[in-house]
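Working notes for the structure below.
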Amino acid sequence: MKARNLQILKENGFPVPDFIVVNSEADINMSFSNASSFAVRSSYYLEDEEESSFAGQFETVLNVKRENIGTAVFQVRESYNRRLYRNMQDNGTASPVIIQEMVEADMSGVIFTANPLGILNEAVITAGLGLGKDIVEDKAETVTYYYNQDESLFYIKEKSDIFLEPEILKALIGMAFKIRDLFEGEMDIEFAVKSGAIYILQARPITTLHRAENPIILDNSNIVESYPGISLPATQDFVHNIYRDIFKSCIFRITKNADLVQRMDPIFDNMVAVYRGGIYYQINNWYEILRLLPFSDKIIGIWQEMLGVDSKTANQSSLKVSKWLKFKIVMSFLYYLLRTPASMKKLNRYFDEIYPIYGDKIGKADTAEDLLTLFDRIEKAVTEVWDITLINDMYTFLFTALAGGKKNKKITNIKNLESMKPILAMNDLRTIAMENGFESKLYQEKEKEYIALFGDRVLGELKLESKTYRTHPELLKKQILGAENIQVQSGKPKKNINPVVRAAKCGIANREKSRLNRSRLFGLAREIMLKTGGILTANGQLVAAEDIFYLYPDEIKPGINYQELIEKRKEQFRRYETFSLPKRMVFADGIIEDERIGYDEQFKHVTILQGIQTSLGRVNGEAIVIEKVRADLDVKDKILITKSTDPGWVFLLENCKGIVAEQGSLLSHTAIISRELKKPAVVNVKDATKIIQTGDVLELNADAGTVKILKRKA
């Protein structure tokens, strides 16, 4: 197979050094080349078969002079006999040997078009100085690059003195994928680089890679807005349970079929997953649910666009549903879709009723056991009715798409938009503080009101470990002192607008209302965990109340000292903080964690970036790249560059000129708030935080969806 593959590569124009194939020493005819040095390689007829791979077991002889070719061929053929079991005979079949012109490589290596460990969207390049044999046999120092195919981005484990130039890396990847497409399968490719030229030495299938019918696909599109960066175990557990129970409740609401819901339990239990501390959608399970809906292909396309999912491929459902049940689902879905605005009003009233009740129960609970029971009850009480927000999401997506999607400029100036209320209330609170002082009775009363309503709206508000104005009121004073009032420029809603636009704006308004209520729900969960942490600290089980966020709730038991476990987890999450989280990962079987850092040399010469325009306008200004957000960042008159935002970013938008985000969509929080504030915004700008540096001068043209680097920082 090896010799046949080389011939196919050569015939298709790949840079393969000249070679011949011989079956014995008697067949050798060296007239094919004038070179003085050769590589003699195995090409046993079973060598690269999936069922009986002998990769790496046979001899390879390098730097063979012409006069020694016969001896080298004999060595390789003898290795066939030494390495095979006695009952495996050639049965008269020839055992070919390859004689190939030797490349005196500056660097050599191996490319796997998919990670053999089972990461399907990740190519791996291992390279080292000199010849490939030493690299394969671990006799030479190497560097390994991991190439995420969805992000077109290289990662490495650690910096090394050995490196491949970015141009060579990109050329190798491009060549490798062409070879993969040629052979219609994932390939293991040996290469050499000499004076900047690339040579392909051999190519064979990756025989150890499991070809999964339904791979595990992790995608953090949209969800990264809610859970940026890493999230601690308490948050991971709460989020897992929330998504599981909400989707389970929603499917039962629509189908009223307990058997189907039970069959779907493995799907509900894996709506989200954790990779290196980051929270991701297990996106194939979302597609399984969406496939139950009418016109599912169209709906999935709209869903992908509205959430900013780049990869448009979607798996087919493995669920078997009868035609009668499918019909009932269609009718039920349409019924609930039409009733969505009324249902959302009912949900909001319900939440307003139970919120103070559970707040009161938390205040009265005085044992860790009672608090954790309450933790579970709150989650169950809310998720039983919260599933209507999923239908409102679909309602919003559909009507926004019908209204013209990103081309429509009318889905702004939304009356009583809930996300704007914390901004306006903060303006009033700041004015009172400046005029009357922080110690005045009026300010104290208004601060208490603000915290009761909006105390959970902060950066990273859905991560239980985040500090909020409710848990740390001193942060509110710091926010007031550190910024100026936001100039809200929203105009009056137009009368007699198109009913489709009106429905889209209604859906957006209800979606933002549910997001604010969701932050309050998570605020209750945070309060429970902190109070439980305080009790455990008093009992000597924790060093500090905040350490409880490093525990999963089902780990919390009376009398256990958690200090050693928590220190280990703190170290683990400190490591996570230093590594890049990819947007998308695809696994053949289970989720495989590995530590990678970004490699950004390829971005030095890029000056124009393209994205999705979500709030129109055009400004020039200095960039500030925000890798790790802080409330005290000085963003006045700057253009914010970030991977993503969350609702708490509203306070960072106070004085900025515009915003550029690597992730996002027309209905992301970045888009909605920037439209209301009349701030130019472009989202889904690939590699923005890697290409742009703090201090660069930019032209942000949100009308065209472009970002241009006018001047690099000195």
- prompt: Does the side chain of Ser318 come under 3.5 Å of the side chain of Glu288 through a donor N or O and an acceptor N or O?
  reply: yes
message: Are more than 12 heavy atoms, taken from residues, nucleotides or ligands other than Glu11, located less than 6.0 Å from that residue's CD atom?
response: yes
- prompt: Does one side chain, of Thr235 or Glu465, offer a donor that lies under 3.5 Å from an acceptor on the other?
  reply: yes
- request: Look at atom NZ of Lys570 and say whether more than 12 heavy atoms of other residues, nucleotides or ligands are closer to it than 6.0 Å.
  value: yes
- prompt: When the ring planes of Phe177 and Tyr147 are compared, do they come out parallel, tilted or perpendicular, using 30° and 60° as the limits?
  reply: tilted
- prompt: With no hydrogens and no angle check, do the side chains of Gln149 and Asn121 hold a donor and an acceptor under 3.5 Å apart?
  reply: no
query: More than 12 heavy atoms of other residues, nucleotides or ligands under 6.0 Å from NZ of Lys194: is that the case?
result: yes
- prompt: Do the side-chain N and O atoms of Glu190 and Gln202 include a donor-acceptor pair separated by under 3.5 angstrom?
  reply: yes
message: For the CZ atom on Phe295, are there more than 12 heavy atoms of other groups (residues, nucleotides or ligands in this structure) within a distance under 6.0 Å?
response: no
message: Ignoring hydrogens and geometry beyond distance, is a side-chain donor-acceptor pair present between Ser249 and Thr383 at under 3.5 Å?
response: no
query: Parallel, tilted or perpendicular: which describes the rings of Phe375 and Phe238, with under 30° parallel and over 60° perpendicular?
result: tilted
message: So if I apply the salt bridge (charged side-chain N to carboxylate O under 4.0 Å, His left out) rule between Asp219 and each of Arg584, Lys312, Lys583, which one comes out positive?
response: Arg584
- prompt: Is a side-chain donor-acceptor pair under 3.5 Å present for Gln663 with Asn220?
  reply: yes
- prompt: Do Glu593 and Tyr576 have a side chain donor and acceptor closer than 3.5 Å?
  reply: yes
Anything under 3.5 Å between a donor and an acceptor, one on a side chain of residues 224-233, the other on a protein residue two or more places apart or in another chain? List them.
{"residue": "Glu225", "atom": "OE1", "partner": "His669", "partner atom": "N", "Å": "3.2"}
{"residue": "Glu225", "atom": "OE2", "partner": "Ser668", "partner atom": "OG", "Å": "3.4"}
{"residue": "Glu225", "atom": "OE2", "partner": "His669", "partner atom": "N", "Å": "3.0"}

- prompt: Side chains of Gln304 and Tyr287: is there a donor and an acceptor less than 3.5 Å apart?
  reply: yes
field: Heavy atoms from other residues, nucleotides or ligands near NZ of Lys326 exceed 12 (cutoff 6.0 Å)
entry: yes
His240 and Asn270 side chains, donor-acceptor separation under 3.5 Å: no
- request: Hey, can you tell me if Trp303 and Tyr281 have their rings parallel, tilted or perpendicular (30° and 60° cut-offs)?
  value: tilted
message: Quick one about Glu662 and Ser644 (side-chain donor to acceptor, distance below 3.5 Å, no hydrogens or angles considered), yes or no?
response: no
